[in-house]
Structures are given as structure tokens and as C-alpha cells.
Amino acid sequence: MTTLIQTDVAELDLGALEERLQSIGVPRYHARQIFQWIYRRGVSDFGAMTDLARDLRGRLAQDFSLSTPAVVKQERSQDGTTKFLLRLTDGHFIESVFIPDTPSQTFCLSTQVGCAMGCAFCLTAKMGIIRNLTAGEIVGQVRVLLRELNMLGQRFNIVLMGMGEPLHNYDATMKALRILADEHGLAVSSRRVTLSTVGVLPALERLATEPLMPNLAISLHATTEDQRDLLVPINRKYGLAELLDACRRFPIKRRNRITFEYVMLDGVNDTPEDARRLVKLLNGIKAKVNLLPLNEAAGISFKRPSDERVNHFAQILADHHVNVSVRKSRGRDIRAACGQLMTESTRTAPGARLAAAMRSS
Ligand code: SAH
């Protein structure tokens, strides 16, 4: 008996699928048809790809698989935000979030199971890093959400702001953007994708040279090196000054800006001095600032500042002609808001959490 090793089509960009087909004697152009079935029509069964000859369908079903994350749970917030708990083929869990009417429809995707960055106020950080997602698992979240939300054929934006640090999983993230952008598939232009990062500098420099360039959001959160060292530990390796220099050099498109995310922590980084320092730091960068008043959670020792404090901070930025907005928190009632993603298995099993923390150390 021979054991058959199937190729997972979810992990292939169009070029790779063409080559794979050719290598088994199937004409390359069928790859486009397969992409259309999978990404535009949401079909995951080769047998249902009815414009392919029956023989070919049989051959595909034999040689190829298409792994797709399984929906374990869907929770819908009062504001329409929907959080999906997904199970990967190896049993790990991730979360993805649909945010309606922002004014566009937005999918917030995970790039890792857990996260290694250890930001002091983020719940995902408590999981530690369990593993990277593959490109197919990143794109798979979009396929599942489109299907579950009956959104095939509709336009949507993508933010890489779920679990994980996209620049700590660079190759899979970029490959996922290539698969998403393919005109024979979902054709998601990189203008509709925003990559959010704490600033893994070597990867950020690499991103600056990519042909497919997503919008950039930087999780800044602090205005001095000391303060950022504590809140965003990777700052000890790649400091604030270097990060902002890299942002100054970053080739942003005309009429575009880099978003700076700034989590506001009561009495920690929300003072008028912080606001004034932030104005200075952003001098010379085409920036917009997105203030995120902390989403509080058990296990996070910081507090959310009052609306007055947030507004005062925002006013100082605006007075200095910095483009600023306060992010309206979505889906807080279902723990789908920024920094609140943490999968159930970790929430309920302190042993697993400890094990994960030990693995990553
Ligand atoms: N690792 C990337 C992608 C995650 S994006 C990054 O950090 O940019 C998630 C955003 O939510 C980040 O800006 C993160 O700092 C922010 N965030 C994390 N915890 C939060 C919390 N408790 N309240 C509000 N925002 C939070």
C-alpha cells in the first residue's frame, strides 16, 4: 500500500499551484479555475468544481487537500461585531473578528497562535507564543468569515490586528497577502490591508522593499524609551528613536499616512507632557494617531483613563495639527476588542498557559 501525501492548496499561491499541476501533467491554466472556485465562490470540495472535467476533479481530490479552519464558536456583540473562535488542523485555537460598518466591513485577522511580544496591557501576550500561522491559515480566516457571514462577492478591508505580531511571522504574512491579492482569487488590493506592528525593525525594513505594500500601523504606546521599555518589551531591542527613524524612511504612498496606535493607560502614559512629547516625536512623519483607551480585563493591572483625560490628550495633539482620532471600541461585551483576544483553551487551563510560557522562554 502506498501512502499518499496530498498537497494543501490553501498553502499555495497561484504560481505555485500552476507549477504543482504542471508537475503532475495537468495544464497550468486550471490553477486559475481552481482559485476562482476556492476564493470567489467559496467552494472547498474539488468534486463541486463543475467546469473541470470529471477525471481532473478525481485527480485533484486524490492529490490535493484544502485545509480550512473549523468554526467552534461565534459570538455577536450588540454593535454587530462578531468574534469567531476557530480550530486549526492541529487542534490549536485562534480568534478572528468581523467589524461591520466602520464604514467599510473589516476582518481582523490573527497571524500567530498567541504572541511573543509580551506587551504589558495585552491579553494575547499572556498566552505566550505557541506557533506561527501558515499563510493558508491566515487566508483561511477570510474564507471562513466570508462563508459564515454570507459575504461572498462583497468588499471588505483587512487589519492584521488579531492575535500575534505579523512582522514576527514575516514570510507567511507576506505570502498570505500575495494569495489574497491575486486577481483570480479574492483580489484584495494591499491598499485595503493594514498591517499593525510593535516595530520588529529588521522586518519593517524588509517590508519597505515589498512590491505588495499594506498600510502601516505602528503600536507606539509610549513617548520615552524608559516608558516604552516597560510597556512594549521589544523596545529594549529596537528602541523608539530607531523605530521612528525607520518610519521616517518608510516609503508610504502619496496621500497616505502611517497610523500610530497609542493605548491610553490611566496615569501612566496619558499626561499632557506625554501628548506634547508625542507631537515632537512625530514631527516630520506623515502620521495619524489613533488613541485606544485601554480595554480593561482581568489580569491586566492598568486602568482605562476617563473620557476627559482622553479628550484632553487628543486636544493637545489636534492643537499642534496632529491628525488624531479616538478609536471607538467595538465588541467589548464579547471580548473581541483590541488586546482582548485570548483563546478559550488558555483562558480555562492555567496549566496550559504555564506550559506555553515555559516553551517560549
Ligand atoms: N502585534 C501587533 C498586532 C496586534 S494589533 C501590534 O501590536 O500592533 C492590536 C492592537 O491593540 C495593538 O495596537 C495593541 O497594542 C492594542 N492593544 C493591546 N491590548 C489592548 C488593550 N487591552 N486595550 C486596547 N488596545 C490594546
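Every number for a ligand or one of its atoms is a count from 1 in the order of the listing. Side chains included, hydrogens not; waters and symmetry mates left out as well; all remaining heavy atoms used. We number each residue from 1, following the sequence as shown.
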Worked check of ring pair (Phe, Tyr, Trp, His ring centres under 6.0 Å) between Phe98 and Phe156: CA-CA 10 Å; Phe98 167 64; Phe156 56 89; 9.5 Å; no
* Asked: In Å, rounded to the nearest 0.5 Å, how long is the span from CE of Met49 to CZ of Arg54?
  ->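 Answer for the CE-CZ pair, Met49 versus Arg54, is 15.5 Å.
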Can you confirm whether the side chains of [X] and [Y] place a donor and an acceptor under 3.5 Å from each other?
X      : Y      : result
Glu95  : Ser110 : no
His312 : Gln315 : no
Asp274 : Thr223 : yes

Could you pull out every protein residue that has a heavy atom closer than 4.0 Å to ligand 1, ordered by chain and then number?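 Shell around ligand 1 (4.0 Å, heavy atoms): Phe121, Cys122, Leu160, Met161, Gly162, Gly164, Glu165, Ser196, Thr197, Val198, Ser219, His221, Glu261, Val263, Leu292, Leu294, Asn295, Cys338, Gly339.
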Going through the checks in order, is the side-chain hydrogen bond (donor to acceptor under 3.5 Å, both in side chains) test met by Gln112 and Asn132? CA-CA 4 Å; Gln112 297 179 311; Asn132 281 335; 2.8 Å; yes
